[in-house]
Colleague: 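The structure is given below, and queries will be raised subsequently.
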Amino acid sequence: MLKISVFGTGYVGLVTGVCFADMGHNVTCVDIDASKVELLKRAQSPIYEPGLDEMLSSNIKAHRLHFTTDAKEATEGADVIFIAVGTPPNEDGSADLQYVLKVAEDIASHLNDYKVIVTKSTVPVGTWRKVKNKINDVLKKRNLDIEFDICSNPEFLREGSAIEDSLKPNRVVVGVESEKAGKIMRELYEPFLNGNPLLLMDPFSSEMTKYAANSMLAARISLMNEFSRVCEQVGADIEWVRRGIGADHRIGPHFLFAGVGYGGSCFPKDVRALIRTGDELGESLEILKAVESTNLRQKNNFFEKVEKHFEGQFKNRKVAMWGVAFKPGTDDIREAPALHLIEKILAAGGAVSVFDPVAANSAQKYFSHYSSVKSQAATHLHFIDDQYDVLEDADALLIVTEWKAFREPVFDKMKKNLRKPVVFDGRNIYSPKKMQERGFHYISIGRPS
């Protein structure tokens, strides 16, 4: 058993801490937000993730999982310390490292013996060295010479499947400088591997791996979305194209689904951050710049389909929307395509009613405080608790998140509640032929209407 401290109880930090505790380690999670810490002590998770609440409660009861605001206590008692705080984007797209470096300073202020200090946050290449330099600077001011190691250990969690991804990772990437730190990290992760690889490499390569992985996946999505627009012009079906190229073992079937664009806390931020890194190095990453611009174009393209249907007139039009989370299985709405669509419809004078089984509260907060159209949202945006009631008197339904409950709905009830049986499917979850047979005017992505 190792004593582990995790600084940051956001999505990555909390899931990481809970899963290490579930494997038998003694874990202390640290956060500066006292109210959040008190909430977690009562086994109440501030985020939605399937299976998290149960594991949170059981590990607190087993006295393996603890929460505190005390950085000194968390640092002095740990063998391994994870830094898992946020790295929000700056206006220029670069990652803001102030929280990572502040945690590094706090750790250094209380460092009392050898520790392995691990950056779990998604950070630009070279951040591990900045963390190391920050700790050395503080130790110098304290007139102390304490041995420590810095590791890079990027997370590859999928929201909605984060518990499974943590407990059964298909690979673990660790960037280390010393053999000693490598042995400790291997001991820590050995029970999770189940025959899958732990890849020990240098910290620079570890940090780059994270950005490269997310950028590669985002590129696949944007490329499929570009293909979908060509399909619409020539009469091809993107779903058949997806199956045709996905059957090629050199390509594979994953991340080949055309839709309304990617969102979330990772892809948009990481693509922009890597573009910024390239610019700073004098290396213009043209493919990634196209990935980002294509993603925005795809969101706008879906809006334009709706706009064309209404002949450019949204006034006195009501649109229903199924799904506001950026993907099913999460309440995360960060950079969700739904937000972009709602804002454009409201700005054009339309009204929107939204149903999402999990993310509605998050979206309500966003439109109340942060949206550029919050004044229109106050009167023309409504959140409804039932997926059929939200359709009442709507001129069209937009499907933006592919929640399971939307895949096999009661189509007769849909048709009855809608003012007009018009469905814009941004996730291609229905058959165009069957929707036509059911009497719907059905518009999807990259398929013949």
Side-chain angles (χ1 to χ4, degrees), residues 160 221 224-225 228 232 237-239 242 257-264 298-310 314 317-333 336-345 350-360 363 381-449:
I221 294 170
M224 288 303 294
N225 283 335
S228 76
E232 290 172 1
D237 187 328
I238 192 63
E239 292 302 309
R242 174 181 63 80
F257 290 87
V260 289
Y262 60 75
Q298 192 71 2
K299 295 177 185 178
N300 288 332
N301 186 63
F302 192 69
F303 169 77
E304 288 162 8
K305 290 175 185 281
V306 183
E307 186 180 43
K308 181 179 179 181
H309 173 77
F310 290 133
F314 280 95
R317 301 284 190 181
K318 177 184 174 182
V319 172
M321 184 175 287
W322 276 359
V324 71
F326 88 93
K327 62 177 283 188
T330 180
D331 62 351
D332 195 342
I333 62 165
L339 303 185
H340 183 79
L341 291 167
I342 292 170
E343 288 176 338
K344 289 189 74 73
I345 293 169
V352 184
S353 293
V354 179
F355 169 77
D356 189 290
V358 172
L381 176 61
H382 304 281
F383 291 87
I384 309 299
D385 292 335
D386 182 87
Q387 76 177 77
Y388 298 104
D389 290 347
V390 77
L391 307 177
E392 290 283 353
D393 297 322
D395 296 290
L397 166 64
L398 277 59
I399 301 173
V400 189
T401 312
E402 64 275 33
W403 287 97
K404 289 180 180 179
F406 303 158
R407 292 186 177 274
E408 294 292 339
V410 182
F411 289 102
D412 288 343
K413 195 170 184 179
M414 286 174 60
K415 193 174 178 182
K416 178 182 176 182
N417 287 9
L418 284 165
R419 184 182 296 168
K420 296 179 181 178
V422 179
V423 175
F424 292 87
D425 184 356
R427 299 299 180 182
N428 287 358
I429 61 177
Y430 305 136
S431 160
K433 182 179 179 181
K434 289 183 178 179
M435 289 299 282
Q436 185 179 20
E437 291 171 352
R438 293 176 179 123
F440 287 91
H441 180 57
Y442 179 73
I443 302 97
S444 55
I445 303 292
R447 300 189 290 178
S449 298

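Below, all heavy atoms of this structure are taken into account, side chains as well, without hydrogens, waters or symmetry copies. Since this is a predicted model, take the numbers as computed values, not measurements.
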Colleague: Are S444 and R427 close enough that some pair of their side-chain heavy atoms sits under 4.5 Å apart?
Modeller: no
Colleague: Step by step, would you call L397 with V422 a side chain to side chain contact (heavy atoms under 4.5 Å, CB included)?
Modeller: CA-CA 6 Å; L397 166 64; V422 179; over 6 Å; no
Colleague: Report the residues that fulfil ring pair (Phe, Tyr, Trp, His ring centres under 6.0 Å) with Y388, sequence neighbours left out, ordered by chain and then residue number.
Modeller: none
Colleague: Quick one: does I445's side chain get under 4.5 Å of F302's, heavy atoms only?
Modeller: yes
Colleague: Could you list the residues that satisfy ring pair (Phe, Tyr, Trp, His ring centres under 6.0 Å) with F257, not counting sequence neighbours?
Modeller: none
Colleague: Output the distance between atom CD (Q387) and atom CE (M414), rounded to the nearest 0.5 Å.
Modeller: 8.5 Å
Colleague: In terms of side-chain geometry, is the basic nitrogen of D395 or K318 positioned less than 4.0 Å from the acidic oxygen of its partner?
Modeller: no
Colleague: Measuring only between side-chain heavy atoms, which start at C-beta, is L398 closer than 4.5 Å to M321?
Modeller: yes
Colleague: Is V358 close to T330 at the side-chain level, that is, under 4.5 Å between some pair of heavy atoms?
Modeller: no
Colleague: Quick one: list whatever passes ring pair (Phe, Tyr, Trp, His ring centres under 6.0 Å) with F310, sequence neighbours left out.
Modeller: F314
Colleague: If you take all heavy atoms of V390 and A320, which pair is closest and at what distance?
Modeller: O-CB, 3.5 Å
Colleague: Output, in order, the C-alpha distance, side-chain angles, deciding distance and verdict of ring pair (Phe, Tyr, Trp, His ring centres under 6.0 Å) for F411 and Y430.
Modeller: CA-CA 11 Å; F411 289 102; Y430 305 136; 5.3 Å; yes
Colleague: For E343, give me all partners under salt bridge (charged side-chain N to carboxylate O under 4.0 Å, His left out), at least two apart in sequence or on another chain.
Modeller: none
Colleague: Restricting to non-hydrogen atoms, name the atom on I333 and the atom on L339 that form the minimum distance, rounded to 0.1 Å.
Modeller: O-CD1, 3.2 Å
Colleague: Could you grab the distance from atom CH2 of W322 to atom CZ of F406, nearest 0.5 Å is fine?
Modeller: 6.5 Å
Colleague: Can you tell me how far CD1 of I443 sits from NZ of K305, rounded to the nearest 0.5 angstrom?
Modeller: 8.0 Å
Colleague: Within the 3.5 Å criterion, strictly below it, is a donor on W403 or D356 matched to an acceptor on the partner's side chain?
Modeller: yes
Colleague: Taking the side chain as C-beta and beyond, is there a heavy-atom pair between T401 and V324 under 4.5 Å?
Modeller: no
Colleague: Donor-acceptor pairs are to be reported for all side-chain atoms of residues 431-438 against protein atoms at under 3.5 Å, with residues two or more places apart or in another chain.
Modeller:
residue, atom, partner, partner atom, Å
S431, OG, K433, N, 3.4
S431, OG, K434, N, 3.3

Colleague: Determine whether more than 12 heavy atoms belonging to other residues, nucleotides or ligands lie under 6.0 Å from atom CG of D386.
Modeller: yes
Colleague: If every non-hydrogen atom of I342 is compared with every non-hydrogen atom of L381, which pair is closest and at what distance?
Modeller: CG2-CD1, 4.0 Å
Colleague: In Å and rounded to the nearest 0.5 Å, what is the OG to CG distance from S228 to N301?
Modeller: 7.0 Å
Colleague: Does H309 have any ring pair (Phe, Tyr, Trp, His ring centres under 6.0 Å) partners at least two apart in sequence or in another chain, and if so, which?
Modeller: F424, H441
Colleague: Might you work through the side chain to side chain contact (heavy atoms under 4.5 Å, CB included) test for V400 and L341, ending with a clear yes or no?
Modeller: CA-CA 9 Å; V400 189; L341 291 167; 4.0 Å; yes
Colleague: Below 4.5 Å, heavy atoms only, C-beta onward: do Y442 and R447 meet side chain to side chain?
Modeller: yes
Colleague: Is the closest side-chain heavy-atom distance between N428 and I238 below 4.5 Å?
Modeller: yes
Colleague: Please report the interatomic distance CG(D389) to CG(N417), rounded to the nearest 0.5 Å.
Modeller: 7.0 Å
Colleague: Measure the spacing between CD of Q298 and CE of M224 and express it to the nearest 0.5 Å.
Modeller: 10.5 Å
Colleague: Counting C-beta onward and ignoring hydrogens, is there a side-chain heavy-atom pair between I345 and E307 closer than 4.5 Å?
Modeller: no
